[in-house]
Amino acid sequence: MKLDRKDLKILDLLQENANISNKQIALATNLTLTPVYERIKKLTAFSLLKKKVYLLNRKKLGLNVMVLVSVKIEKHSEEGALSFMNEIKKFPEVVECLHVTGAFDFQLKVCTKDIDHYHEFNFKKLATIKNISQMESYFVMKEVINTTRLPLFINQNH
């Protein structure tokens, strides 16, 4: 699917505020309501718009500690990686899990109430996964950038 400037503007507006009205999008894109509706329908059909969610303020929910955990697994087979991925999905404290290259195999983002909660998570949950050979925890001191917003560019080659 080829995206034009208006499609990208619509995507950008929706990233900023998923509750923006079609009327507001129409004003911002110099389109009328029907083309806005049709474009959003098309963007959804092509799975560019996956779902609408609210972003929560973790600190107001008492989740004051964020930890990045680098994990190395013992068995680097597909079975070993899938086993880890299935186990890690069971823990609500893990808000992101990325399969990465380099010295470690996975990078986790973990949110907990406090250091004691993280300690309990680390020893009673994470350490129970059998395929882990090494872990390193990095406590986040300050979030400099935290966004779900993707950069949108018009690519001439696609």
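If you're wondering where the values come from, they're calculated on a predicted model, not measured in any experiment.
- In this structure, K90 and K125 have side chains that are not in contact, with every pair of non-hydrogen atoms separated by 4.5 Å or more.
- Remark: R58 CZ to K113 NZ distance equals 15.0 Å, nearest 0.5 Å.
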Checklist entry - Run the side-chain contact (heavy atoms from CB on, under 4.5 Å) check on K42 and M1 step by step: do they pass? => result CA-CA 10 Å; K42 177 184 71 170; M1 174 184 177; 3.2 Å; yes
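- Q24 places a side-chain N or O within 3.5 Å of a backbone atom of S21 that can act as its donor or acceptor partner.
- Remark: E38 CD to L33 CG distance equals 11.5 Å, nearest 0.5 Å.
- Around the NE2 atom of H76, the shell of radius 6.0 Å holds more than 12 heavy atoms that belong to other residues, nucleotides or ligands.
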Checklist entry - Is there a side-chain hydrogen bond (donor to acceptor under 3.5 Å, both in side chains) between E136 and S70 once you walk through the steps? => result CA-CA 5 Å; E136 285 187 18; S70 297; 5.7 Å; no
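- Side-chain contact between K9 and I25: absent, with no pair of heavy atoms (C-beta onward) separated by less than 4.5 Å.
- Using a distance-only test at 3.5 Å, with no hydrogens or angles considered, a donor-acceptor pair links the side chain of N131 to the main chain of G80.
- Contact record, K124 with T128: O-CG2, 3.3 Å, taken as the closest heavy-atom pair.
- Taking Ile, Leu, Val, Met, Phe, Trp and Tyr as members and joining any whose side-chain heavy atoms lie under 4.5 Å apart, directly or through other members, the hydrophobic cluster of M135 also contains V65, V67, V69, V71, I73, L82, F84, M85, I88, F91, V94, F106, L108, V110, I115, Y118, F121, L126, I129, I132, F139.
- How far CG of L27 is from OG1 of T32: 11.0 Å, rounded to the nearest 0.5 Å.
- Side chain to side chain, D105 and H99 fail the donor-acceptor criterion of an N or O pair below 3.5 Å.
- Rounding to the nearest 0.5 angstrom, the gap separating the CG atom in L14 from the CG atom in N19 is 10.0 Å.
- Put simply, NZ on K75 and OG on S83 are 8.0 Å apart, with the number rounded to the nearest 0.5 Å.
- One distance of note links CG of L150 with CG of L11; it measures 9.5 Å at 0.5 Å rounding.
- Hydrophobic side-chain contacts under 4.5 Å tie L63 to no other Ile, Leu, Val, Met, Phe, Trp or Tyr residue.
- Residues F104 and M66 do not share a hydrophobic cluster, defined by chaining ILVMFWY side chains whose heavy atoms lie under 4.5 Å apart.
- Smallest separation of non-hydrogen atoms from L8 and L152: O-CD1, 3.5 Å.
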Checklist entry - Going through the distances and angles, do I145 and E143 end up as a side-chain contact (heavy atoms from CB on, under 4.5 Å)? => result CA-CA 6 Å; I145 298 174; E143 293 177 84; over 6 Å; no
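- Using a 4.5 Å heavy-atom threshold, the side chains of N30 and K6 count as touching.
- Between Q15 and T148, the closest side-chain pair of non-hydrogen atoms is not below 4.5 Å.
- Considering every non-hydrogen atom in both A103 and K72, the closest pair reads O-CE, 2.8 Å.
- Residues A28 and L13 share a closest heavy-atom pair of CB-CD1, 3.7 Å.
- Counting only heavy atoms from C-beta outward, the side chains of H117 and E93 approach each other to under 4.5 Å.
- Between D7 and R39, the closest heavy-atom pair is OD1-NH1, 2.9 Å.
- With hydrophobic clusters built from ILVMFWY side chains whose heavy atoms lie under 4.5 angstrom apart, Y37 does not share a cluster with L43.
- Residues V95 and V140 fall into different hydrophobic clusters, defined by Ile, Leu, Val, Met, Phe, Trp and Tyr side chains chained together at heavy-atom separations under 4.5 Å.
- As a member of the Ile/Leu/Val/Met/Phe/Trp/Tyr network built from side-chain separations under 4.5 Å, M141 groups with nothing else and remains a singleton.
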